[in-house]
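As the structure is a prediction and not an experimental result, all values here were calculated from the model. Just so it is clear: chains get the letters A, B, ... in the order the sequence lines come, proteins before strands, and each one is counted from 1.
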Amino acid sequence: MLLKRSHNCACLNLTDKGTTVILNGWIKKIRDFGKFVFVDLWDHTGIIQLVFRPEIEGLAEIKHCIVGDSIGVKGDVVERQDKNHHLSTGEIEIAVNEWVRYSHSEPFPISDNPSEETRLKYRYLDLRSEKMQRNLRFRHDVIKKIRDFMSEKGFIEVETPILSKSTPEGARDYLVPSRLQAGSFYALPQSPQIYKQLLMIGGVDKYFQISRCFRDEDLRANRQPEFTQLDIEMAYADEEDVFRVTEVLFRDVVHSAAGISVPVPFQRMTYEEAMSRYGSDKPDTRFGLLIEDKTEECRPEGFTILEEAIKRGDAVKGILLKGHEPSRKEIDSMTALAKDKGAAGLMWFKIKEGMIQSPVAKFLQDKGESLTRSFAMEEGDTLFVVASASSVACSALGAVRLYLRDLYQLAGETKGLHFLWVTDFPMFFYNEDQKRYETEHHPFTMPVAEDMERYLEKSPEKIRSRSYDLVLNGEEIASGSVRNHIRSLQKQVFEKIGLAPETLQKRFGFFLKALQYGTPPHAGIAPGIDRFVQILLGEESIRDVIAFPKTTNAACLMTESPSEVDAFQLDELEIKVNNKN
RNA sequence: GGAGCUGUAGUUCAGUUUGGUUAGAACGCCUGCCUGUCACGCAGGAGGUCGCGAGUUCGAGUCUCGUCAGCUCCGCCA
């Protein structure tokens, strides 16, 4: 028997006193007093207390219910004698007249403070937690706002295939074997990139999609193998059009979902500046601590470490931490970070009673004066210096900078949202391992035309692309570009990254062909929904904004996927598994 | 591929530094008592492959090696 509910648990209050209601939900807590029993009933709206009095039928049975049981009750809203002010429904309780247990629960395997492993194994129970309920609802609100906004701006949502074609440029593909053409494979899309460009050629003009993307790469706290992005593409548009619509979109979504006002337009910065000043292509602009290049000014005589570095052509760069002196242990951690990024080491300097303090102090013939002067260092500050190839020094100090941010909460604990456009990424970079050029963004990005002419043969790494990232509080939350709509130029790019003509034809022939039919100039962007929601909610893990996430091993502890399959399934696909063990 | 942290009852943890009797606590579960709780209380009970496998030792939850799993980071992520 289903007692059809009249209300949700937490939607009642003292004004409902005297009414008869029917509630459905789970037992959250049960307190047995012999002659009567209190039950905290929970549904997605919250908790309300039920009281089972001696005179009702089934009093003995309610004593045998446990946390997690699903029940329905009919009863009267009554005012409590002793009110509970910790509860929104704490002024009332439901005096139960009639009730039914829909289903019994095994003892609950998940506590108030569950481990990550337990949460993932019993995800359906973890989802009943206040946090997951709130996060899923928030995520829904964000996505609904996005859909409404895009529709209002004249974009239409078009779905693109999940079973698509492998394009092994970039991330590793997830492959799906074909049965009808055994030996051939589909790939799950890393993004709908090519399809959305084909939609532009197809006259869709303004496209968007809340789309699932798949990348078979290692996971991180903010990275899952499948994730959701808002895919956007506009015909007859350039970067300024994309910036404008994206900025207003984020402004409106942030305002309606989180109640925060952010100014538009967003700050912009070139890739070059981001790398040289922040040591990152996704700089956290919520605080200073910028990297300074003192290769010219700072040449303390007799300090052979620096002198020889400069002679080699290395740069001397540093960041000055005002008013903090990290401990030896903390400096060791920072040194390890710098070395991870390829620096030979991390030099540090403090001033104590006018005297410079540093492991390398004894080498400083000028007592460190040229250092303290060029960096404007004062007592109480700590100076970190790296002498390395310029790019190495920057990324090393970039890592140190973020360590200091976390150590001293330099980004502040306020809900400040700093959006930043990073522009002018390089088109190509040289892959040392594979001895060939690759595209920094993706091969469909439009290179800057004049750079292409000047540098294509001699120094391709100097060619800029018309691509851009949107960074929020030091996290990349969107990436996009003006696309290459010129077939000959697209072919040049493919050739530069070493795609042999036959390979090119096999992988991208259909696309190059499509480009022949009057491709409109177009541009787009793809914000990552999961990461954006994660930042707005202040969650440390992206798993907490996804209903059914995977572990760092890309496994699902609940369904135990991935798993072996039956031999007949493999037979149908003509696949043989090589068991390495 | 590499580094670090973690793994003990259904759950969350203590015990590992310094090897030594029968591995503990809390919550949960089971049985009983209780007329106003909201962390209800009281009495009793069940519940353990100390992740797994080797090794050292008279003796291993504890030491060593390997391995698996979870988390974080580097590489990787057009």
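Within the 6.0 Å centre-distance limit, the rings of F444(A) and F511(A) are counted as a close aromatic pair. Remark: aromatic rings of F52(A) and F36(A) are distant, center separation not under 6.0 Å. Ring to ring, F429(A) and Y437(A) are not that close: their centroids are 6.0 angstrom or more apart. Separation of the F243(A) and Y468(A) ring centroids falls under the 6.0 Å cut-off.
Here the side chain of D40(A) is nearest to one of U37(B), G70(B), C38(B), namely C38(B). Distances from the side chain of K63(A) to the nucleotides C40(B), U31(B), C34(B) place C34(B) closest. Comparing C38(B), U35(B), U72(B) by their closest approach to the side chain of F36(A) singles out U35(B). Side-chain proximity of N84(A) to the nucleotides G70(B), C40(B), C38(B) is greatest for C38(B). Closest to the side chain of V51(A), from the set C38(B), G36(B), C30(B), is G36(B).
RNA chain B is contacted by both Y122(A) and G90(A); Y122(A) maps to the nucleotide lying nearer its 5′ end (nearest heavy atom per residue). Positionally, the nearest nucleotide of RNA chain B for N113(A) lies more toward the 5' end than for the other of R80(A) and N113(A).
S465(A) is not listed as a side-chain neighbour of E440(A), based on a closest heavy-atom distance of 4.5 Å or more.
The separation between Q224(A) atom CD and G70(B) atom P is 12 Å, rounded to whole Å. Rounded to an integer number of Å, the gap from CG of D218(A) to P of C76(B) is 11 Å.
Taking 3.5 Å as the limit, the base of G36(B) and the side chain of R53(A) contain a donor-acceptor pair of atoms between them. Donor-acceptor pairing under 3.5 Å, judged by distance alone, is absent between the side chain of R119(A) and the base of G70(B). Between the side chain of E117(A) and the base of G51(B), no donor-acceptor pair under 3.5 Å is found. For D340(A) against C74(B), a side-chain-to-base donor-acceptor contact under 3.5 Å is absent. Contact of D32(A) with C34(B) (side chain to base): a donor-acceptor pair of N or O atoms is detected under 3.5 Å.
Distances shown here put every side-chain N or O of R223(A) at or beyond 4.0 Å from the OP1 or OP2 atom of C71(B). For G75(B), the OP1/OP2 oxygens have a side-chain nitrogen or oxygen of K341(A) closer than 4.0 Å. Side-chain N/O atoms of R31(A) include none lying less than 4.0 angstrom from OP1 or OP2 on U37(B). Close to C27(B), at under 4.0 Å from its OP1 or OP2, lies no side-chain N or O of S111(A). Remark: S115(A) is not in phosphate contact with U11(B), judged by side-chain N or O atoms under 4.0 Å from OP1 or OP2. Within the structure, every side-chain polar atom (N or O) of K28(A) is placed at least 4.0 Å from both OP1 and OP2 of C38(B). OP1 or OP2 of G70(B) has at least one side-chain nitrogen or oxygen of T551(A) nearer than 4.0 Å.
Between the P atoms of G47(B) and U31(B), the separation comes to 16 Å (whole Å).
Using a 4.0 Å heavy-atom criterion, one finds that T552(A) contacts the bases of the nucleic acid, with or without backbone contacts as well. If you check every strand for non-hydrogen atoms under 4.0 Å, Q49(A) touches a base. If you check every strand for non-hydrogen atoms under 4.0 Å, E440(A) touches sugar and phosphate atoms only. Using a 4.0 Å heavy-atom cutoff across all strands shown, L87(A) reaches no nucleic acid atom at all. P443(A) comes within 4.0 angstrom of a nucleotide base, judged by non-hydrogen atoms across all strands. Within 4.0 Å (heavy atoms only), E55(A) reaches no atom of the nucleic acid at all.
Relative to the six-membered ring of W42(A), R128(A) misses at least one condition, a distance below 6.0 Å or an angle of at most 45° to the axis.
In this structure A69(B) sits in a base pair with U6(B), meeting the Watson-Crick or G-U test at under 3.5 Å. Look at U11(B): its Watson-Crick or wobble partner, with both distances under 3.5 angstrom, is A26(B).
One N or O on the side chain of R401(A) and one on the backbone of L289(A) form a donor-acceptor pair closer than 3.5 Å.
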